[in-house]
Amino acid sequence: MKTTKVKRKIVIAGGGTAGWMAAAAFSKLLGTNLEISLVESDAIPTVGVGEATIPTLHLFHRLLGLDEREFMAATNATFKMGINFEKWKNTEEDYLHSFGFLGKDCWAAGFQHFWLKGHQQGIASEIGDYCPEHLAAREGRFAVLNNQDLNHAYHLDAGLYAKFLRNIAAKHGANRIEGKIAKVNLDNDTGNIQSLLLESGQVVAGDLFLDCTGFRGLLIEGALHTGFESWSHYLPCDSAIAVQTKVTKTPVPYTRSIAHKSGWQWQIPLQNRMGNGLVFSSKHMSDEEAIETLLSNIDGELINQPRVIKYNTGTRRKHWNKNCIAIGLSSGFIEPLESTGIHLFQRGIVRLMQMLPQNDISAADIEEFNQQATAESNNIRDFIVLHYHLTQRNDSEFWRYCKNMAIPDSLAHRMKLFKETSRVFKKSDDLFGESSWVQVMLGQGLMPEQYHPIVDQMSDQELSSFLNTIKEGTKKQVQNWPNHWDFIQHYCKSKAM
Ligand SMILES: Cc1cc2nc3c(=O)[nH]c(=O)nc-3n(C[C@H](O)[C@H](O)[C@H](O)COP(=O)(O)OP(=O)(O)OC[C@H]3O[C@@H](n4cnc5c(N)ncnc54)[C@H](O)[C@@H]3O)c2cc1C
C-alpha cells in the first residue's frame, strides 16, 4: 500500500482571474491537506479584460458559498441575461442570444419545431418572445424569484473579482508570494517541475504546479514545451483594443456585441463604468484604424487610455503535462465572443479538484483530464465559429473570408442537421444547449426546411393557442419584474456608487 503524504504542495503561478479562482477554490474546498502558494508579480500586470460571464459561474460560486449580493456589490457587477448581436447577420439586423430556454418542448422535438410551423403559417412572432430571459433583457427588467431564478450571469470588474477571491483564499490559508518568476527548475530524470526560482532568489518548490501566467504560459510552454494548436484559420481575429469609459446611461442587462468591418465591438456595462473593446483581425485592420473605430463608437469620457492586446486563438496540445496544469489563458484562448473564458478556467479547476492525486500522478488521470478539456474546448470553438461563418455580410474582405472559410466537420454537421430537420442534440461535453444553438442559428439567418412530424399532431387551432399561451404567459410574467437598474439599487448597490 502506498503511503499518504500529509501535505501536498500546490504552487499557483500567476494571480489574475485564473490564479485567484484556483487559489480560492483549492484553499476553501480542499485546503486542509494542501499547502497552497500563489506567486504573482505586481510588476507584471494582468491582461485586465474578461468582465462578462455566463450562468455556469453560479456553480462555482455555490461551491465557494458566496453570497450573490455581497459578491456583486464588491465587484460593481450588473446582471447579464444574454448577448445582443448587432449587425452580425447583415448590417441592418440584430438578434439576442439569451440564457433562457425557448418555449416548451416535448419528448420528441424542441420548441423550434412548433415555432417553425407557426412561423410558416404567419402566426408565430420572433422566437425570443417565447422566453422570459430574452424578453426581460430586451425590456431592461430583472428579478430574483423565490421559486426559480432567471438564468443569469454577471458583468463584473475583473480586478475587483480577483481581489474578492484573494480575500477568500487568504482566509483559508493560501499563501501569496510576491515576486517575478525568473526560471522554472525541472527534475532531470522525470522532466517534472521541481520549483520556481524568483528574481529575488527565493525558490518555491511544489508537487503540483498550476500555470496561471496568462498568454505567457511560462510553465506549460516556456518550460515544458507542450505545443499549441492554432485555430486562427477558423477564428481570424487576433487583436483587441480595450478601454473603459464613464457611464452615460443606466446599464442594460446584456452584453452588446456590435459587428464592424473587420471584427466586433463589446460593451460590458458595470455599475460604475462601461467596459469597451474592439476585437479585430490584424490582417484586415491596423491597430490605429481599430483604435479610431472603437473611439468613434463609444459614449462617455475615457477613464484610461486604449490598450492593444495581441493573442493567438487555439489550444494547448495538453492542458495537463507532467505535474503542470494550465488554467486560464495559459491553456489556450478561443475568443471573447460568448464570454466562455472564465467558464473554462472554472471547468479546469473543478476537474483538477475532482482528479486530485492522492500520491503519484496517474497517467490515466492526465489522459482523462486532457480528453475532457479538449472535447469541451472544441465544442465551444464550433459554437463561436458558427457566428462568424453564418454571416450574410459581404461588405468587407474580413466578412467574405469568414463566410467562405472551411469550418470544422463537427460544426458543418450541426448546421446541416438543423437546416434540414430543425434538430439540435446536446452532446455530453457541450456547454451550449439546444436553445443557444437555435437562437444563434436562427439569428444568423439559418432557417430550417422542415419540422418534426409530431407537430402535426396538433390542429392549426391548437398550435395557435399553444404558441399564444406561451407568449402571453411570458409577457405577463416579465411585465411584473422591476427595472434592472432599480433592482440593482436595492439588491447589490456597489460602494463605489
Ligand atoms: C480581449 C479579451 C477579452 C476577454 N473577455 C472575456 C470575457 O468577457 N469573459 C470571459 O470569461 N473571458 C474573457 N477573456 C478571457 C479571460 O477570462 C481573461 O482574459 C482573464 O482575465 C485572463 O486571466 P488569466 O488569469 O488567465 O491571465 P492574466 O490576467 O494575464 O494573469 C496572469 C498573471 O500571471 C502573472 N505573471 C505572468 N508572468 C509572471 C512572472 N514571470 N512572474 C510572476 N507572475 C507572472 C501576472 O502578474 C498575472 O498575475 C478575454 C480575453 C481577452 C484577451
Side-chain angles (χ1 to χ4, degrees), residues 11-23 37-57 60 80 83 153-159 161-163 165-166 176-184 196-200 202 204 210-223 235 237-243 255-257 263-268 270 275-280 290 294 307-313 316 326-349 380 384 431:
V11 177
I12 301 170
T17 307
W20 285 114
M21 282 177 82
S37 306
L38 184 146
V39 182
E40 68 173 331
S41 166
D42 283 341
I44 304 176
T46 61
V47 67
V49 280
E51 305 203 315
T53 63
I54 56 172
T56 51
L57 193 62
F60 188 69
K80 170 181 173 188
I83 304 176
Y154 313 99
H155 301 121
L156 50 81
D157 180 316
Y161 187 51
K163 256 190 213 154
L165 296 169
R166 178 174 154 178
R176 177 185 182 273
I177 301 170
E178 165 62 36
K180 218 169 178 178
I181 301 161
K183 191 172 171 235
V184 179
L196 306 179
L197 172 67
L198 309 191
E199 274 186 357
S200 62
Q202 185 178 353
V204 185
L210 273 55
D211 186 344
C212 302
T213 60
F215 285 129
R216 291 172 186 84
L218 277 186
L219 285 62
I220 193 83
E221 199 57 57
L235 296 164
C237 291
D238 58 2
S239 309
I241 311 286
V243 72
T255 305
R256 287 183 69 194
S257 167
W264 60 276
Q265 176 188 354
W266 79 71
Q267 275 190 8
I268 300 179
L270 304 188
N276 308 277
L278 186 83
V279 170
F280 63 100
L294 180 62
R307 273 186 316 119
V308 182
I309 302 165
K310 296 285 169 190
Y311 58 81
N312 298 313
T313 51
R316 205 61 66 197
I327 305 281
L329 291 176
S330 61
S331 69
F333 183 50
I334 305 180
E335 249 266 2
L337 189 58
E338 283 280 356
S339 324
T340 46
I342 293 172
H343 165 80
L344 284 170
F345 305 177
Q346 159 188 344
R347 287 292 303 131
I349 294 163
I380 294 175
I384 304 221
L431 165 62

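These figures come from a predicted structure and were not determined experimentally. As the structure lists them, so they are numbered: ligands from 1, and atoms in each ligand from 1.
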* Ignoring angles and geometry beyond distance, decide whether Ile327 reaches within less than 3.5 Å of ligand 1 through its nitrogen or oxygen atoms. => no
* Structure fact -> One should read off an interatomic distance between Gln202 CD and Leu196 CG, to the nearest 0.5 angstrom, of 10.0 Å
* Leu218 to ligand 1: N or O pair under 3.5 Å? -> no
* To do: Calculate, to the nearest 0.5 Å, the distance between atoms NE2 and CG belonging to His343 and Leu57 respectively.
  => 10.5 Å
* Please say whether Ile181 places an N or O atom under 3.5 Å from an N or O atom belonging to ligand 1. => yes
* Asked: Who gets closest to atom 43 (C) of ligand 1 by heavy atom: Gly214, Ala13, Gly179?
  -> Gly179
* Within a distance under 4.0 Å of any heavy atom of Ser339, pick out the atoms of ligand 1 and give their elements. => 9 (N), 11 (O)
* Based purely on interatomic distance, does Thr17 place a nitrogen or oxygen under 3.5 Å from a nitrogen or oxygen of ligand 1? -> yes
* **Straight-line distance of Asp211 CG to Ile181 CD1, nearest 0.5 Å** => 8.0 Å
* Give the residue and atom name of whichever protein heavy atom lies nearest to atom 9 (N) of ligand 1, and the separation in Å to one decimal. => Ala52 O, 2.7 Å
* To do: Look up atom OH in Tyr154 and atom CD1 in Ile342, then write down how far apart they are to the nearest 0.5 Å.
  => 12.5 Å
* Asked: Side chain of Ser330, backbone of Thr213: donor and acceptor closer than 3.5 Å?
  -> no
* Which class fits the ring pair Phe215 and Phe333: parallel under 30°, tilted 30 to 60°, perpendicular over 60°? -> perpendicular
* Among all protein heavy atoms, pick the one closest to atom 30 (O) of ligand 1 and tell me residue, atom and distance. => Val47 N, 3.2 Å
* Asked: In Å and rounded to the nearest 0.5 Å, what is the CG to SG distance from Leu218 to Cys212?
  -> 11.5 Å
* To do: Ignoring angles and geometry beyond distance, decide whether Ile44 reaches within less than 3.5 Å of ligand 1 through its nitrogen or oxygen atoms.
  => yes
* Note the single closest protein heavy atom to atom 21 (O) of ligand 1, along with its residue, its atom name and the distance in Å. => Val49 O, 3.1 Å
* Structure fact -> Quick note on ligand 1: atoms under 4.0 Å from a heavy atom of Ser41 include exactly 43 (C), 44 (N), 47 (O)
* Structure fact -> Closest to atom 15 (C) of ligand 1 among protein heavy atoms sits Phe333 CE1, 3.8 Å
* To do: Would you check whether Gly328 has a nitrogen or oxygen atom less than 3.5 angstrom from a nitrogen or oxygen atom of ligand 1?
  => no
* To do: Would you mind checking which non-hydrogen protein atom is closest to atom 38 (N) of ligand 1, with the distance to 0.1 Å?
  => Arg216 CD, 3.4 Å
* Asked: For atom 11 (O) of ligand 1, which protein heavy atom lies nearest, and how many Å away is it?
  -> Ile342 N, 2.8 Å
* **atom 14 (N) of ligand 1 [closest protein heavy-atom partner, distance rounded to 0.1 Å]** => Gly50 CA, 3.9 Å
* Structure fact -> Restricting to heavy atoms, the pick from Cys212, Gly14, Gly15 nearest atom 32 (C) of ligand 1 would be Cys212
* Structure fact -> Numbered in order shown, the ligand 1 atoms found under 4.0 Å of a heavy atom of Glu51 are 7 (C), 8 (O)
* Considering only the protein, which heavy-atom contact is closest to atom 23 (O) of ligand 1, and what is its distance? -> Phe345 CE1, 3.8 Å
* To do: Measure His343 to ligand 1 on non-hydrogen atoms and call it side chain, backbone, both or neither using the 4.0 Å cut-off.
  => neither
* Asked: Quick one: does Ala240 get an N or O within less than 3.5 Å of an N or O on ligand 1?
  -> no
* Is a side-chain donor or acceptor of Glu51 paired with a backbone partner of His155 at a separation under 3.5 angstrom? -> no
* **Backbone of Leu235 reached by a side-chain donor or acceptor of Thr313 within 3.5 Å** => yes
* **Value rounded to 0.5 Å, distance of CD in Glu338 from OG1 in Thr255** => 9.0 Å
* To do: Decide side chain to side chain contact (heavy atoms under 4.5 Å, CB included) for Ile83 and Ser339; before the verdict, give the C-alpha distance in whole Å, the side-chain angles of both, and the deciding distance to 0.1 Å.
  => CA-CA 9 Å; Ile83 304 176; Ser339 324; 4.2 Å; yes
* To do: Please check if the side chain of Arg307 supplies one atom and the backbone of Val47 the other of a donor-acceptor pair under 3.5 Å.
  => yes
